[in-house]
*Asks:* 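Below is the structure I would like to discuss, written out as structure tokens.
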Amino acid sequence: MLRRLLLAFVLSLTVFQGIEAGKYNRVVDIGDKPQGWKQLPGTDGKEHALADLTDAKAVAVIFTCNDCPVAIAYQDRIKQLAKDYGDQGLQVIAINVNKGESIFGMKLRAKAEDFQFPYLYDESQETAKSYGAVCTPHVFLLDGKRAIAYMGAFDDNWQKPAAVSKKYLEDAVIAVLDGKSPEVAESKQVGCAIRWNSK
Amino acid sequence: MTVLPRFLGDVLLLVALLVAAGCEASRNDNVAEQPQSLEREILSGDDSGADPEPLIGTGTRASSELNGSKQAVQSVDAEGLQEFIAERQGQVVLVDFWATWCGVCREGFPEVVKLGQKYAGTDLVITSVALDDAEALPEIERFLTEQLAPRPAFISSYGVADAESMDAFQLLSGTIPTLKLFDRRGMLRFTFGDGQPFTHEEIDLAVRQLLSE
């Protein structure tokens with residue numbers, strides 16, 4: 001009897017772990033409001049919090065890193081998105097989440113690439129975990145109430161920008177800035193697995 | 001009283017495997033049909049607490065498929081991979097989904113090779129599927145040869161990883177590395193990675209468990 005009870009307990013933990021929130025996200029779903037980051041260092045030498053972004057009509061949170069080819073492939077597209085929609089109320093926030101990276105390396109990259117948006121370091125990986133981020137890049141679009149309006153991939157072709165047919169994030173940004181819900185609220189993210197600190 | 005400690009050891013092993021690696025019973029990414037109930041399987045399993053022995057299996061294909069072969073990388077789709085696994089009924093199959101462009105995958109690859117070396121001569125079959133474009137074939141070959149990687153090895157016929165190819169191979173989170181472990185009946189029993197942290201020690205434990213079944 002004891003054996004069965006213990007096994008039932010173990011299996012109940014397992015079943016709990018298997019519950020999935022979004023279609024492609026084990027932690028959050030569309031409409032959820034993750035607490036967000038409260039104190040993440042940026043390449044600008046300042047501490048950043050989601051709550052500081054009071055004026056933004058939408059926030060594109062992009063978990064990324066310095067070395068994943070998929071993340072790097074999206075670099076120019078992220079910069080362009082920030083440039084195209086910044087004046088309309090979009091705030092892009094890039095968050096490096098990988099173990100083994102450094103704010104020093106991030107500063108070099110931010111300078112070399114002329115990032116015009118905050119590039120933060122989530123060294124504890126707690127922010128990434130709270131969003132259910134799994135890879136780089138993994139994008140989340142928060143609406144004016146900081147609820148998740150879209151999450152998943154930036155678009156449908158990481159390797160060939162010219163071959164993109166579905167601009168998931170940009171379409172979602174346009175919708176949210178227009179006060180609407182994105183037609184596609186979730187897509188499957190594709191990228192390099194996050195290098196986790198430990199289990 | 002003598003049974004309890006050994007049983008607790010079993011439970012700890014189960015916790016390590018199920019919680020760490022992710023239990024396939026609660027997910028929908030089966031390549032083959034899932035066992036009716038993992039709970040039933042575990043509850044009916046041997047609870048003697050003994051170390052799963054022998055590790056040396058009855059098959060010989062595992063060793064013949066490890067390393068050293070000059071067999072070229074073959075193109076494979078999801079159906080082909082299913083067939084590959086189905087043809088190895090009676091053996092435990094570990095599939096490593098990786099890509100040349102994935103640094104984390106390349107870093108972890110030697111650990112998978114070590115696993116193959118450790119279980120050489122058993123019923124463990126290890127293979128890999130590179131989620132790359134065909135242009136990456138020379139690099140895949142070079143890397144696999146350098147790593148003394150298990151053969152046969154595959155390249156995804158869908159080309160470089162995208163949402164469609166990830167869906168086809170049922171990589172739910174869209175991330176690599178992901179390793180899938182199938183039991184002797186071809187049932188998917190454990191997935192490692194797929195967006196979650198994992199260790200190669202956990203894979204080793206799971207392999208031991210499935211080889212002992």
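Reminder, nothing fancy here: chain letters follow the sequence lines and each chain counts from 1. All of these numbers come straight from a predicted model, not from anything done at the bench.
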*Asks:* Do other residues, nucleotides or ligands put more than 12 heavy atoms under 6.0 Å from the CD atom of A:Glu113?
*Replies:*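 It does: A:Glu113 CD has more than 12 such atoms within range.
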*Asks:* Determine the minimum heavy-atom distance between A:Cys135 and B:Thr175, stating which atoms define it.
*Replies:* CB-CG2, 3.2 Å
*Asks:* Taking side chain as everything from C-beta outward and backbone as N, CA, C, O, which of these in A:Gln189 sits under 4.5 Å from a heavy atom of chain B? Side chain, backbone, both or neither.
*Replies:* both
*Asks:* Would you say that more than 12 heavy atoms from the other residues, nucleotides or ligands in this model lie under 6.0 Å from the NZ of A:Lys79, or not?
*Replies:* yes
*Asks:* So does A:Gln88 have more than 12 non-hydrogen atoms from other groups sitting under 6.0 Å from CD?
*Replies:* yes
*Asks:* Return the minimal non-hydrogen interatomic distance between A:Pro69 and B:Trp101, and the atom names on each side.
*Replies:* CG-O, 2.9 Å
*Asks:* Check each atom of B:Glu164 against the heavy atoms of chain A and say whether the ones under 4.5 Å are side chain, backbone, both or neither.
*Replies:*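 Neither part.
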*Asks:* Considering residues, nucleotides and ligands other than B:Glu146, do more than 12 of their heavy atoms fall under 6.0 Å from its CD?
*Replies:* yes
*Asks:* So, for B:Leu172 and A:Lys188, which heavy atoms are closest and what is the spacing to 0.1 Å?
*Replies:*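 In this case the closest contact between B:Leu172 and A:Lys188 is O-CE, 3.1 Å.
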*Asks:* Within a strict 4.5 Å, meaning less than it, do heavy atoms of the A:Arg26 and B:Gln196 side chains meet?
*Replies:* yes
*Asks:* Which bit of B:Val160 is near chain A, if near means a heavy-atom gap under 4.5 Å: side chain, backbone, both or neither?
*Replies:*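 The side chain, not the backbone.
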*Asks:* Is B:Gln74 atom CD crowded by more than 12 heavy atoms from other residues, nucleotides or ligands, each under 6.0 Å away?
*Replies:* yes
*Asks:* Are any non-hydrogen side-chain atoms of A:Gln159 and B:Asp133 less than 4.5 angstrom apart?
*Replies:* yes
*Asks:* What distance do B:Asp162 atom CG and A:Asn157 atom CG have between them, rounded to the nearest 0.5 Å?
*Replies:*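 The CG atom of A:Asn157 is 7.5 Å from CG of B:Asp162, to the nearest 0.5 Å.
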*Asks:* If you count heavy atoms of other groups shown closer than 6.0 angstrom to CG of A:Asp178, is the number above 12?
*Replies:*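 More than 12 heavy atoms, drawn from other residues, nucleotides or ligands, come within 6.0 Å of this atom.
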*Asks:* How about A:Lys57: does its NZ atom have over 12 heavy atoms from other parts shown lying under 6.0 Å from it?
*Replies:* no
